[in-house]
Each structure stands twice: as structure tokens, then as C-alpha cells.
**Q** 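Let me begin by handing over the structure; questions about it come next.
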Amino acid sequence: MKRLTQTLDRRARWITVLVSVVVVLFLVWVFWRSGGTFLPAWLTMLSCLVWAFLALSLPRFITLQHNAIEIDCVLELRRIEYKDIKSITPLISSTRGLFPLLGIYGFLGYYGYYIGWGQLKLYKVYARRWNGLVLIETAHGRTVISTDEPYEFIKMVNKLKTSNLKV
């Protein structure tokens, strides 16, 4: 079992800080303009709920088990069996065509359902950084994850996949 951590890239850090500052300034402005009515309290509660739901979907780390890849989020555990993997490749230039369909771009990472405009394919993205992406294609869909060393990750997965097939 090998555990790989994910770190935020500079773009995600800046987007997180910028969005947080804008939301806090907006809430202060609404409170100041409304004169202390219930509207700022409702907006503050709504923004805290949205941030809590976002935090529940954050990818924390990736674990290479002897028979599967596990992507651990706060609330979700995505398990990809080695026998289900059709191909595993690094994503280098094709990431420019991925856009969030139902997901987050930059606020504490990149995760959710993304669409690839080139071929109109759906991707499930679990990434904390926008470089070092790896595409895992299975019979059930396409999953994109980020690692600090994508080529080393692909080597380890292929090695575990072949050793798992021999048994």
C-alpha cells in the first residue's frame, strides 16, 4: 500500500484566496447596507453551507492498494480496480479543453464532473493541481487525478496491474 498526497498549485491557492476575500467583502457590504437585518445572516449561512459542501468533496490523497487505486475524499471513497483499467496516460496539452460541468475550478482544487470540448466526453476529476494530471479510462468512465510525479505513478500502477493479473 502506497499513499500519495496531493498539493495545491499556485493558481488554486490564488483562486481560493480571491474567492474567499470577495465573498467576505460582499457579506460585509450587505451587512453594512442592510442595517443589520436578516438578509446578511441568511447569506452568511448560505455561503457557509456551500463551503461546507465543497469541503466534503475535496480529494485528500490517493492510495495504491494491491488490487485497486483508492481516491480518498472527505465524504467519498472512489475505488478503481486494476482489472477495470483500460488505459492510464498522462494528460499534458488536452487539459485546456476541460471545463467544469458540475464541479469546482480552482477553489481548493479542481474536482467534480468536467466536460472535454474536443470530443464532448465526460470526465470525473479529482485534482488538487492543474499539472501532473493522469487520465484513467475504465469501462465505467474516465477519471482524472493529479499527482506530483505522474510518470512514476503510471509506472507503479502498471507494475501493480501486471502483478495482480498474474495471480
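Fair warning: this is a prediction, and the values are worked out from it, not measured in the lab.
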**Q** Test of understanding: with side chain to side chain contact (heavy atoms under 4.5 Å, CB included), list the residues that count as partners of Leu122, not counting sequence neighbours.
**A** Leu101, Tyr113
**Q** Can you sort out the partners of Trp14 under side chain to side chain contact (heavy atoms under 4.5 Å, CB included), two or more places apart, ordered by chain and number?
**A** Arg10
**Q** Can you list the residues that meet the side-chain hydrogen bond (donor to acceptor under 3.5 Å, both in side chains) rule with Thr143, with sequence neighbours excluded?
**A** Arg78
**Q** Among residues at least two apart in sequence or on other chains, which ones pass ring pair (Phe, Tyr, Trp, His ring centres under 6.0 Å) with Tyr126?
**A** none
**Q** Residues in ring pair (Phe, Tyr, Trp, His ring centres under 6.0 Å) with Phe153, at least two apart?
**A** none
**Q** Output side-chain donor-acceptor pairs under 3.5 Å for residues 58-65, partner residues at least two apart or in another chain, one line each.
**A**
| residue | atom | partner | partner atom | Å |
| --- | --- | --- | --- | --- |
| Thr63 | OG1 | Asp72 | OD2 | 3.4 |
| Gln65 | NE2 | Glu70 | OE1 | 3.4 |

**Q** Hydrophobic clusters join Ile, Leu, Val, Met, Phe, Trp and Tyr when side-chain heavy atoms are under 4.5 Å apart, directly or via other members; which others share one with Val21?
**A** Val17, Leu25
**Q** So which pairs with a foot in residues 113-130 pass salt bridge (Lys or Arg N to Asp or Glu O under 4.0 Å), sequence neighbours left out?
**A** Arg129-Asp148
**Q** Run the side chain to side chain contact (heavy atoms under 4.5 Å, CB included) test against Arg13 and tell me which residues pass, sequence neighbours left out.
**A** Leu8
**Q** Run the salt bridge (charged side-chain N to carboxylate O under 4.0 Å, His left out) test against Glu149 and tell me which residues pass, sequence neighbours left out.
**A** none
**Q** Please list, chain by chain and in numerical order, all residues satisfying side-chain hydrogen bond (donor to acceptor under 3.5 Å, both in side chains) with Tyr123, sequence neighbours excluded.
**A** none
**Q** Quick one: side chains of residues 134-142, donor-acceptor pairs under 3.5 Å with protein atoms, not counting sequence neighbours, listed by atom name and distance.
**A**
| residue | atom | partner | partner atom | Å |
| --- | --- | --- | --- | --- |
| Thr138 | OG1 | His140 | N | 3.2 |
| Thr138 | OG1 | Gly141 | N | 3.3 |
| Thr138 | OG1 | Gly141 | O | 3.1 |

